[in-house]
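The sequence lines fix the lettering, A, B, ..., with proteins before strands; numbering per chain opens at 1.
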There are 2 protein chains.
Amino acid sequence: MTKSDPSLVNSKVLADFKVGVDNVIFSVDTKQNRLLVLLSKRKDEPFSGEWGLPGTLVRQGESLEGAAYRILAEKIEAKNLYLEQLYTFGGPNRDPRESPHSFGVRYLSVSYFALVRYEEAQLIPDQFNNTTWYIIEKVPQLAFDHNQILEYGYRRLRNKLEYSPIAFDVLPELFTLSDLYQFYETILGTNFADYSNFRNRLLKLGFLLDTEIKVSRGAGRPASLYRFDPVAFAPLKDKPMVFI
Amino acid sequence: MTKSDPSLVNSKVLADFKVGVDNVIFSVDTKQNRLLVLLSKRKDEPFSGEWGLPGTLVRQGESLEGAAYRILAEKIEAKNLYLEQLYTFGGPNRDPRESPHSFGVRYLSVSYFALVRYEEAQLIPDQFNNTTWYIIEKVPQLAFDHNQILEYGYRRLRNKLEYSPIAFDVLPELFTLSDLYQFYETILGTNFADYSNFRNRLLKLGFLLDTEIKVSRGAGRPASLYRFDPVAFAPLKDKPMVFI
DNA sequence: ACAAAAGTGTTGGTGTTACACCCATGG
DNA sequence: CCATGGGTGTAACACCAACACTTTTGT
């Protein structure tokens with residue numbers, strides 16, 4: 001209590017916060033094998049005109065997750081998605097609206113991580129806010145600490161993919177094993193695993209049901225369509241490294 | 001934008017927040033093989049006199065992590081510890097200070113997860129706030145949603161233990177392999193793994209250095225003291241299931 | 001000498017890796 | 001008939017669980 005505090009203001013005065021929610025929304029363009037992240041051009045200060053993660057301030061009576069879903073709904077039409085809380089960034093001076101010597105409000109960002117089905121995720125056109133999918137490797141300098149948040153979300157995506165069945169929230173109901181393999185490849189990088197071993201491991205685990213329906217994609221032998229069985233997966237929850 | 005909002009207040013009005021930090025602080029009493037969590041009896045309303053996680057509201061100029069360390073420092077003297085952010089609980093009406101129809105402030109809790117060395121963690125006596133270590137199985141009903149936060153932290157602890165070397169932030173500099181084994185046992189439950197297999201696996205990984213110093217603990221053959229080598233561990237980062 | 005704790009070894013089974021190979025189709 | 005992508009098989013090896021066994025101490 002008697003400890004000296006280096007801050008500029010009375011150390012016992014509570015901070016007042018505005019709480020924002022920022023979303024790191026990923027999708028996989030399976031046709032072109034690209035991992036995409038949704039960015040929007042800011043229309044308000046600060047950082048007006050620059051790119052940033054889609055975000056919003058939390059309204060009265062609104063839950064954090066509620067705000068996260070609201071952002072999503074304002075930007076894209078997405079029926080199939082996975083969403084979870086990522087991290088809370090709350091240091092002082094992460095937002096220029098906090099003037100250095102002000103007794104004013106602090107800005108805190110609770111970030112959410114989402115994965116959506118690309119083919120279905122129609123961008124909602126907006127005359128003011130320019131919103132686009134960016135290839136992950138080509139993301140520019142972003143507003144605030146959003147590059148850092150994005151980096152954090154990207155790490156979470158790769159980790160999550162290894163033990164969590166989030167791929168099936170986002171793949172079509174029926175998919176071939178190559179579809180699944182390519183999905184993993186575009187996120188984790190090519191040669192993340194041998195294809196035939198990937199097949200064998202997953203099929204042995206028994207939560208992929210072969211529908212026996214065959215589809216032909218150009219030349220080559222037709223592939224079987226599979227379906228994810230959540231019930232059969234249940235016992236593998238919190239078992240690590242299921243997919244790799 | 002035209003979507004109807006079920007909340008009681010104007011859906012476009014931003015919420016004002018007070019941000020609290022609540023800590024789930026664990027320690028392992030290795031002498032008695034008990035996993036402990038630090039609780040303190042609240043001296044202020046709401047829930048005055050009831051047990052809760054040690055927490056504080058964030059002050060002006062203070063970072064979230066800074067607030068987390070401040071709580072720790074106010075409750076216990078701890079030199080060796082591990083601390084990371086856990087989760088942010090921020091739904092409306094999680095704090096009774098938000099009256100149902102008020103336009104007033106919302107209370108949000110950013111929770112942190114900590115593991116400290118029990119032997120060194122001297123409780124700082126406080127005439128008002130009663131602070132104690134509770135055996136995890138005997139935690140009573142807590143204030144707010146703190147039981148939920150604790151449950152979340154407990155899950156994180158068990159997961160983290162499996163792939164992260166947090167045990168070595170909290171064990172003494174030199175320890176025997178039985179010390180390490182017991183540490184894991186008290187957190188993950190007895191028979192989480194066969195002792196001799198646990199030994200062999202860890203030693204083969206090569207980040208435990210045998211100092212050749214022997215210690216005798218009562219009867220039985222004296223044990224070697226080992227030291228954790230962070231450099232040798234580095235390549236195993238983000239490899240899963242290192243310890244079990 | 002005996003119990004207790006530390007540490008080593010063995011064995012059968014399971015999983016993984018890195019391939020080679022066969023199958024069905026389009027052009 | 002051959003290139004292409006889908007799918008199966010396998011030999012070598014690493015790993016792992018379970019348990020028996022040896023070593024070194026205190027009493």
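- Counting to the nearest Å, the C1' atom of C:dA5 and the OH atom of B:Y181 are 14 Å from each other.
- If you check D:dA18, D:dG7, C:dG7 against the side chain of B:D194, the one that comes closest is D:dA18.
- When the side-chain nitrogen and oxygen atoms of B:S216 are compared with OP1 and OP2 of D:dT25, none of them lie within a distance under 4.0 Å.
- Of the candidates C:dA6, D:dG26, D:dG6, the closest approach to any side-chain atom of B:A219 belongs to D:dG26.
- For B:F175 and C:dA6, the CZ to P distance is 14 Å, given to the nearest whole Å.
- Checking each of A:L72, A:L83, A:L86 against A:Y112 for a side-chain contact (heavy atoms from CB on, under 4.5 Å) leaves exactly one that passes, namely A:L83.
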Walk me through it: do B:L38 and B:N23 pass the test side-chain contact (heavy atoms from CB on, under 4.5 Å)?
CA-CA 9 Å; B:L38 195 69; B:N23 283 1; over 6 Å; no

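- When the P atom of D:dC19 is taken as reference, atom CG of B:N197 falls 11 Å away, rounded to whole Å.
- One atom, CZ of B:F192, and another, P of D:dC16, lie 14 Å apart when rounded to the nearest Å.
- The distance from atom CG of A:L203 to atom P of C:dT16 is 14 Å, rounded to the nearest whole Å.
- Using a 4.5 Å heavy-atom cutoff, the side chains of B:F192 and B:Y181 are in contact.
- Nucleotide D:dT8 holds its P atom 13 Å from the NZ atom of A:K204, rounded to whole Å.
- Comparing B:M241 and B:R221, the nucleotide of DNA chain D nearest to each residue sits closer to the 5' end for B:M241.
- The phosphate of D:dA17 has OP1 or OP2 within less than 4.0 Å of a side-chain N or O from B:R201.
- The six-membered or imidazole ring of A:F243 lies away from that of A:Y163, with a centre-to-centre distance of 6.0 Å or more.
- Note on A:R199: a side-chain N or O is less than 4.0 Å away from OP1 or OP2 of D:dT8.
- With the nearest nucleotide of DNA chain C identified for both A:N200 and A:G220, A:N200 has the one nearer the 5' end.
- For B:Y154 and B:Y152, the ring centers sit 6.0 Å or farther from each other.
- Following rounding to the nearest Å, A:R217 (CZ) and D:dG7 (P) show an atom-to-atom distance of 10 Å.
- Listed pair A:S196 / D:dG7 fails the phosphate criterion, with no side-chain N or O lying under 4.0 Å from OP1 or OP2.
- If you check D:dG7, C:dG7, D:dT24 against the side chain of A:S224, the one that comes closest is D:dG7.
- Taking atom CZ of A:F198 as the reference point, atom P of C:dC19 lies 20 Å away to the nearest angstrom.
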